[in-house]
2 protein chains.
Amino acid sequence: MNESHPPLPANSQPVTLHDGLLGRLRDMIIEGELAPGTRLRERELTEWLGVSRTPLREALKVLAAERLIELTPNRGARIASLTEDEIQHMFELMGAFEALAGRLAATRASEADLLELQAMHLQMRAHYVRKDLPAYFRLNQAIHRRIVAAAGNPMLAQSYDQLAGRIRRPRFLASQWSAQRWAQAIEEHEGIMAALAARDGALLARLLEDHLAHKAEALLKHLPEVPAEAVG
Amino acid sequence: MNESHPPLPANSQPVTLHDGLLGRLRDMIIEGELAPGTRLRERELTEWLGVSRTPLREALKVLAAERLIELTPNRGARIASLTEDEIQHMFELMGAFEALAGRLAATRASEADLLELQAMHLQMRAHYVRKDLPAYFRLNQAIHRRIVAAAGNPMLAQSYDQLAGRIRRPRFLASQWSAQRWAQAIEEHEGIMAALAARDGALLARLLEDHLAHKAEALLKHLPEVPAEAVG
DNA sequence: CGATTCCATTTTGCATGCAATTTTGCGCCG
DNA sequence: CGGCGCAAAATTGCATGCAAAATGGAATCG
């Protein structure tokens, strides 16, 4: 009998049905295919996804635990919506996550981490020059996620990912920010990369937190312009 | 038809079976009735809890999402265990949570919050004098939770609660610390209360983080003495 | 004309049954 | 005596069926 982990290639293919459903539904919610407030009827989803209710219900329970949907007894599920206050609170928390990640990454990041982040940064800059907002947005998220990973604290990475998932949709929808804000964001990223290269944890933490605060400010300023159903 | 929230008295009684199970199982794991690594067989649990497999499986999925159990496809569930590294990472993250809570609570706490915390603090001190460790432990957790609540950020409170739930068992098991550490903890709490009363956010954040770091240090020093099955 | 009550329909919650995978026990061979 | 293979038993994953609750709408009453 062997108790050690099998050589799983990370989260490869989902072997169970409910796990696959979970991933698909999570993506659909985060990508914004399902608007907040939308009611999810089990029968409807089972027909659409080609499975029975049992695995679907299991997936819904998990999504509710992740707060991506709201599940009320006997009244079904609806896509969770975020108030402006909740978004503000999330950014507050994200700021603490990023600051901690910065402080840790400054001392724990490997040289390979730094090189990879530099490469990602340069490519993101290229997306900026080409004004390819979706690609820029994705790579931006990836860079921040990579910094968190370089902090070498899987618990932090978990919590970060969960919060990032919940807040991603309004962030994307509101990313039609002004060209000026975009330029400022790039500049801030330059500073972040420099602080990381210098392994100045205190500075990196401050820059990351400020950067996020600016993002929050830009988002909240543009929130009223975003379709109401998109944020709740 | 009315879309506003019904007048739910918060989380009263669980109306659904799986929700009730979820609470019971969560408590059993956190309280340590179920040792880490223990295999959970569905049939066994259903007989023990008097329900069918369907609601039980839904509850297990949620517990897995909260990382209180590990669920491997076709191979069932076992109580999650924590390595020493994971515990260390959790404390690192908890430190950031508490620091943020302290910074926010210093400016956002109401006078009622301060009064209630003072009362709790005094009672905890009484438990200390009586050397009632379990009562002290519970009230200590409650005080920290109350500070987090006073920070006025529900998202922070959520993340904090989830992490605290996962780490609570080893903390309790290792709380047979030396009398000296216990005295030091009380002293640190005095400082924390003072900083809060003075609404000095920076100081409060630092004191809370240091306090937690000391707890982590004491716990990790005593970990080897704790039964292996209790931490994994 | 608006609000209410009642009933048909829909939808959720749970139990059970079956197929597939894993685990376990035993005989067999080296 | 120890390792291997195979079959029986146990266990998990999923689908379906039934009961309870909620939803929608028409008929009724004020």
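The chains referred to below are lettered A, B, ... by the order of the sequence lines, with proteins before strands, and numbering in each begins at 1.
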Taking 4.0 Å as the cut-off, does a side-chain nitrogen or oxygen of A/R43 come that near to OP1 or OP2 on C/dT11? no
Distance, rounded to the nearest Å, where B/L71 contributes CG and D/dT11 contributes C1': 13 Å
Please identify each residue that fulfils side-chain contact (heavy atoms from CB on, under 4.5 Å) with B/A216, with sequence neighbours left out. B/F91
So does B/R26 have more than 12 non-hydrogen atoms from other groups sitting under 6.0 Å from CZ? yes
Taking every heavy atom of A/E42 against every heavy atom of A/L56, the minimum-distance pair comes out as O-CD2, 3.5 Å
Those residues that, when tested against A/E111, pass side-chain hydrogen bond (donor to acceptor under 3.5 Å, both in side chains) (two or more places apart): A/R199
Measure the distance from CZ on A/R41 to P on D/dA22 and round it to the nearest whole Å. 17 Å
Whole-Å distance between D/dT11 P and B/E47 CD? 10 Å
Round to a whole Å and report the spacing from CZ of A/R78 to P of D/dA22. 15 Å
If you restrict it to nitrogen or oxygen atoms, what contacts under 3.5 Å exist between nucleotides 13-16 of chain C and the protein, and what is each distance?
unit_1: C/dG13; atom_1: OP1; unit_2: A/N74; atom_2: N; d: 3.0
unit_1: C/dG13; atom_1: OP2; unit_2: A/R57; atom_2: NH1; d: 2.6
unit_1: C/dG13; atom_1: OP2; unit_2: A/R57; atom_2: NH2; d: 3.3
unit_1: C/dG13; atom_1: N7; unit_2: A/R53; atom_2: NH2; d: 2.9
unit_1: C/dG13; atom_1: O6; unit_2: A/R53; atom_2: NH1; d: 3.1
unit_1: C/dC14; atom_1: OP1; unit_2: B/L17; atom_2: N; d: 2.4
unit_1: C/dC14; atom_1: OP2; unit_2: B/H18; atom_2: ND1; d: 3.0
unit_1: C/dA15; atom_1: OP2; unit_2: B/S52; atom_2: N; d: 2.9
unit_1: C/dA15; atom_1: OP2; unit_2: B/S52; atom_2: OG; d: 2.6
unit_1: C/dA15; atom_1: O5'; unit_2: B/S52; atom_2: OG; d: 3.3
unit_1: C/dA15; atom_1: N7; unit_2: B/T54; atom_2: OG1; d: 2.8
unit_1: C/dT16; atom_1: O4; unit_2: B/T54; atom_2: OG1; d: 3.3

Could you check whether B/L40 gets within reach of a base, just the sugar-phosphate, or nothing at all, counting any heavy atom under 4.0 Å? sugar-phosphate
Atom of A/A205, atom of A/A99 and distance for their closest heavy-atom approach: CB-O, 3.4 Å
Looking at every heavy atom in both A/Y160 and A/M94, which two are closest together, and how far apart are they? CE1-CE, 3.7 Å
